[in-house]
Every structure is written in structure tokens, then in C-alpha cells.
Amino acid sequence: MPLPSSSLRWQLLAAACLAAVLATQAAFAKPRKPVRAEPELIAYGEREDVMRFAAEAAERQGLDLGTVRSALAQAQFVPSITRYIMPPPAGTAKNWIAYRDRFVEPRRIAAGAAFWNANEAWLRLAEERYGVPPEIIVGIIGVETLYGQQMGNFRIIDALATLSFDFPTGRRDRSAFFRDELQSYLLLCQREGVDPLSWMGSYAGAIGMPQFMPSSILSYAIDFDGDGHIDLHRNTADVIGSVASFLFNAGWQRGLPTHYEVAVPVDSAQRALLLGPDIVPTFSPQQFVENGALLSDAAMATPGKLALVELQNGDAAPSYVAGTNNFYAVTRYNWSSYYAMAVITLGEAVKRQR
């Protein structure tokens, strides 16, 4: 067999080197994940379970079936909603100071003072009628939507349909809750003469300046200025009256502080005992003392029960307060001690600014 020429030998050698380089790169390259096609999403109008819900909701609430079917047929699945509804990753440290600073900041305080000044008469009337002081109402509206500046960019029909019929796995299934809210929303729209496709709100379906869920609007919202309609988007009188009405129905007690300062027990077992019921007022002031806590004279004289509320501060020591029934009433708006303290602290800051 004749040997290749010198030129050909160099070409073969170069080709071999190139092949070796490519083989090395392939060996160390990060393997690519196989590309999976996204499952095809069926429009809600084409889903039998959605149309069956439409028929059942219309029958239960006396709604026009054609209107309900038409609204749900035009509802859209929104993937981002299924991400937003998920809880934070496991192990995420809570930090009250960081949470507070998101809401108790100069822009929100200034906007709260302006809102209070513009609506002082309605705030005074709400306190007179329901016993809820202005700073609590102002705090809630400020935390929820920055006094109407951030009311949400999702169509309510899309948010509620997505969470009713495509609630994500990986957390406790609340699709039944959102189906009830979707039914309430359709009833609310019929009652108020509103196109179900027109209202915008949060990813969870909360509506207007106070971010009421539809069932809360039906149960607690009021026409505070007597104009014949309940408008939680633009009518600040209705917003103020409805927030006060909600808290009143949640058990707000006239003249009772929301919380007291407390020195927690040094003994960990006693502290754990008082922390056990979380934010639910369970212990009398005397029981606090018997379990090693220290309270002020005002706290010792308070009627009713108290809850030892712990607010974690990341790697720093937690903060503690003794929450009253009025603290608990604020958590009925949002089941979170951090939320309640942000509302209270913002309201106090706005009051001082005025």
C-alpha cells in the first residue's frame, strides 16, 4: 500500500487534531435538557368543568346563564398568577424590620396624610359609627394600595378563573375558596350592573382601594355616601365606610388599643406556652404574668384576652407585642401579624405627620 504524500499527511494530522478538540469540548459541555413542549391550554369556554360550574353558579345565585357562560368563555388562564399565589420558598427568613420599611416610608406617609386631610369628615363619621379610629383605616388603605395608586393589573375574571380551575400544585389546594369567590364576583357584577370582563385587581382577585375579595364586598361593603352604589375604586367615602364596616364585623372594640409592649418570659418553656395560640387572644393579663411576662399597668387593666405576638427579625432578636382583640381584628383583613403591625405602624406615622 503506497504511503500518503507529505502534504496529505499534514492534512490528515490537522483533521485528527480538530476531531480530538471537538471530542474534548463535547465531553465537557453541559448536557442540554430535552426540550419539552408546553401542554396545550384549553380555553375556559371549551372546558366542560367550567361550563358545568357556570350552570351551577347561575342556578344557585339566580344569575343569567348566558351572561355567566359568556364571561367565563372569555376568561383566560394567566400562568404568572399560579406563580404569585405560591408561598415563599422553604427556609426564607421572616424579617419584620424589612417588611415594615416597605410600607412605613416617606412616600406612603405623605400620601396617607393627604388622604386623611381630603377625607377627614368621612373618617370621623366612620369612627363615630363603627368605633374604628382614622389611623387604622388610613393604615389599611395605605398598605393595601397606596391610597388607590396600586390596585392591581389583572382582570378579576382571569385571576379568579385561573385559581378556581387551575390552582397550582405544591401547596394546600384553595380552588374551592376561589370558586366561591368567582361565584360571588359574578353575583356582584350582576347586582352592580358591571361587565365581568372590565374590573381589574390583584392576582388573587382582590378589588379596589381596600382590596376586598368579592364575598367581602357582598357581606361588608357599604354605600357610605348614600348615592345608590358601592364604588370601591374611586369613591373614598365608600372605601372608608367599608373598611370600618369590615373591622366592626371582625370584632373591633371601640376604645381598645391594638397592642401593648411586653417583656417576654426568659424561660423558653413559658415563652413557648404563650406563643402557642399564635395571634389568637387566649390569655388574660394575669396569665401572662404567671407565665413570666411583664406588662404595663395599662395592659394589666385591659379587658379581654391577649396574644403574645412574635415578629422575627432575620438573624436579629425577634420583636414582641401583646396583641388585643383589636389586633386580631386587623389580622382578619390579612392573616398575618406582620401585616397587622405594618398597618398599625403606618397609621401612627401618618397621624404624627399630620
Report the C-alpha separation of Y260 and T302 in whole Å, then their side-chain angles, then the decisive distance to 0.1 Å, and conclude whether the side chain to side chain donor-acceptor pair (under 3.5 Å) test is met.
CA-CA 10 Å; Y260 298 100; T302 192; 3.2 Å; yes

Common cluster, L125/M209, ILVMFWY with side-chain heavy-atom separation under 4.5 Å
yes

Between L294 and L275, is there shared hydrophobic-cluster membership here, with clusters defined by ILVMFWY side-chain heavy atoms closer than 4.5 Å?
no

Is there a side chain to side chain donor-acceptor pair (under 3.5 Å) between T324 and N326? Walk through the geometry before answering.
CA-CA 5 Å; T324 68; N326 280 355; 5.1 Å; no

Please report the C-alpha distance between M300 and F288 in whole Å, then the side-chain angles of each, then the deciding distance to 0.1 Å, and finally whether the side-chain contact (heavy atoms from CB on, under 4.5 Å) criterion is met.
CA-CA 9 Å; M300 290 300 298; F288 259 62; over 6 Å; no

Is a donor on one side and an acceptor on the other found under 3.5 Å between the side chain of R271 and the backbone of A293?
no

Between atom OG1 of T236 and atom CG of N119, what is the distance when rounded to the nearest 0.5 Å?
3.5 Å

Closest contact, heavy atoms only, T169 versus M86:
O-CE, 3.6 Å

Heavy-atom side-chain contact between E59 and E56 under 4.5 Å:
no

Can you confirm whether D315 is buried at CG, in the sense that more than 12 heavy atoms of other residues, nucleotides or ligands lie under 6.0 Å from that atom?
no

Just how far is it from atom CZ of R60 to atom CG of L187, taken to the nearest 0.5 Å?
11.5 Å

Return the CD to CG distance between E290 and L274, rounded to the nearest 0.5 Å.
10.5 Å

Candidate pair D49 and R52, rule salt bridge (Lys or Arg N to Asp or Glu O under 4.0 Å), full reasoning:
CA-CA 5 Å; D49 60 329; R52 186 166 56 251; 5.8 Å; no

OG-NZ distance between S337 and K94, expressed to the nearest 0.5 angstrom:
6.5 Å

Between atom CD1 of I137 and atom CZ of F246, what is the distance when rounded to the nearest 0.5 Å?
13.0 Å

Looking only at heavy atoms, what is the nearest atom pair of V68 and L186, with distance?
CG1-CD1, 3.8 Å

W199 vs Y185 aromatic rings, parallel, tilted or perpendicular, using cut-offs 30° and 60°?
tilted

Which atoms form the tightest heavy-atom contact between A159 and I81, and what is the distance?
CA-CD1, 3.5 Å

Nearest non-hydrogen partners of G152 and M200, listed with the distance:
O-CB, 3.9 Å

Considering all heavy atoms of both residues, which atom of Q211 and which atom of S202 are nearest to each other, and what is their separation?
OE1-CB, 3.3 Å

Between the side chain of T345 and the main-chain N/O of A342, is any donor-acceptor distance below 3.5 Å?
no

Cluster overlap L273 with L308, hydrophobic side-chain contacts below 4.5 Å
no

Would you please test R171 and I85 for side-chain contact (heavy atoms from CB on, under 4.5 Å) and show each step?
CA-CA 9 Å; R171 64 164 296 172; I85 202 68; 4.1 Å; yes

Indicate, with yes or no, if the rings of F77 and F165 have centres closer together than 6.0 Å.
no

Check: P210 main-chain N/O paired with Y333 side-chain donor or acceptor under 3.5 Å
yes

Is H229 atom NE2 crowded by more than 12 heavy atoms from other residues, nucleotides or ligands, each under 6.0 Å away?
no

Hey, is the main chain of A221 close enough, under 3.5 Å, to the side chain of S242 for a donor-acceptor pair?
no

Is there a side-chain contact between N117 and R354 (heavy atoms, below 4.5 Å)?
yes

Are the side chains of P134 and R124 in contact, using a 4.5 Å heavy-atom criterion?
no

Return yes if a side-chain donor-acceptor contact under 3.5 Å exists between N334 and S336, otherwise no.
no

Donor-acceptor contact present, side-chain Y147 to main-chain V138, <3.5 Å:
yes

Checking S245 side chain against Y220 main chain: does a donor-acceptor pair fall under 3.5 Å?
yes

Heavy-atom side-chain proximity of L72 to M51 below 4.5 angstrom
yes

Same apolar cluster: Y339 and W96, side chain cutoff 4.5 Å
yes

For a quick check under 3.5 Å, do E181 and S215 share a side-chain donor-acceptor pair by atom type?
yes

I'd like to check C189 versus D195 (side-chain heavy atoms, cut-off strictly below 4.5 Å). Are they in contact?
no

Assess the side chains of R107 and Q149: does a donor N or O sit below 3.5 Å from an acceptor N or O?
yes

Least distance between heavy atoms, P303 atom then L256 atom:
CD-CD1, 4.4 Å

Check the surroundings of atom CZ in F248: do more than 12 heavy atoms from other residues, nucleotides or ligands lie under 6.0 Å from it?
no

Angle between ring planes, Y130 versus F224, binned at 30° and 60°: parallel, tilted or perpendicular?
tilted

Please round to the nearest 0.5 Å and tell me the distance separating atom CD1 of I279 and atom OH of Y338.
11.0 Å

Under 6.0 Å from the CD atom of Q287, do we count more than 12 heavy atoms belonging to anything else shown?
yes

Minimum side-chain heavy-atom gap D158-L197 below 4.5 Å
no

One pair to check against side-chain contact (heavy atoms from CB on, under 4.5 Å): V330 and W252. What are the steps and the verdict?
CA-CA 8 Å; V330 178; W252 184 273; 3.9 Å; yes

Short N-O contact, E348 and K351, less than 4.0 angstrom:
no

If you apply the rule side-chain contact (heavy atoms from CB on, under 4.5 Å), what do you find for S80 with F154, and how did you get there?
CA-CA 10 Å; S80 61; F154 294 92; 3.7 Å; yes

So, the side chain of Q286 versus the backbone of V289: is there a donor-acceptor pair under 3.5 Å, distance only?
no

Within 45° cone and under 6.0 Å: R100 NZ/CZ vs F103 ring
no

Do Q76 and Y44 make a side-chain contact, defined as non-hydrogen atoms from C-beta onward lying under 4.5 Å apart?
no

Could D166 and R47 be called an ion pair, given the rule that one side-chain N must be under 4.0 Å from one carboxylate O?
yes

Taking D227's backbone N and O only, do any of them form a donor-acceptor pair with D223's side chain (distance below 3.5 Å, no angle check)?
yes

Is it true that V50 and F167 fall in one hydrophobic cluster, defined by side-chain heavy atoms closer than 4.5 Å?
yes

Kindly indicate, with the supporting measurements, whether the criterion side chain to side chain donor-acceptor pair (under 3.5 Å) is fulfilled by Y99 and Q312.
CA-CA 10 Å; Y99 184 91; Q312 297 177 17; over 6 Å; no

Side chain of T258, backbone of F327: donor and acceptor closer than 3.5 Å?
no

Whether S70 side chain and T67 backbone form a donor-acceptor pair below 3.5 Å
no

Should R179 and F53 count as side-chain neighbours, where that means a heavy-atom distance under 4.5 Å?
yes

Pick from I156, I207, L160: which one makes a side-chain contact (heavy atoms from CB on, under 4.5 Å) with M213?
L160

Regarding R254 and E128, does a basic nitrogen lie under 4.0 Å from an acidic carboxylate oxygen?
no

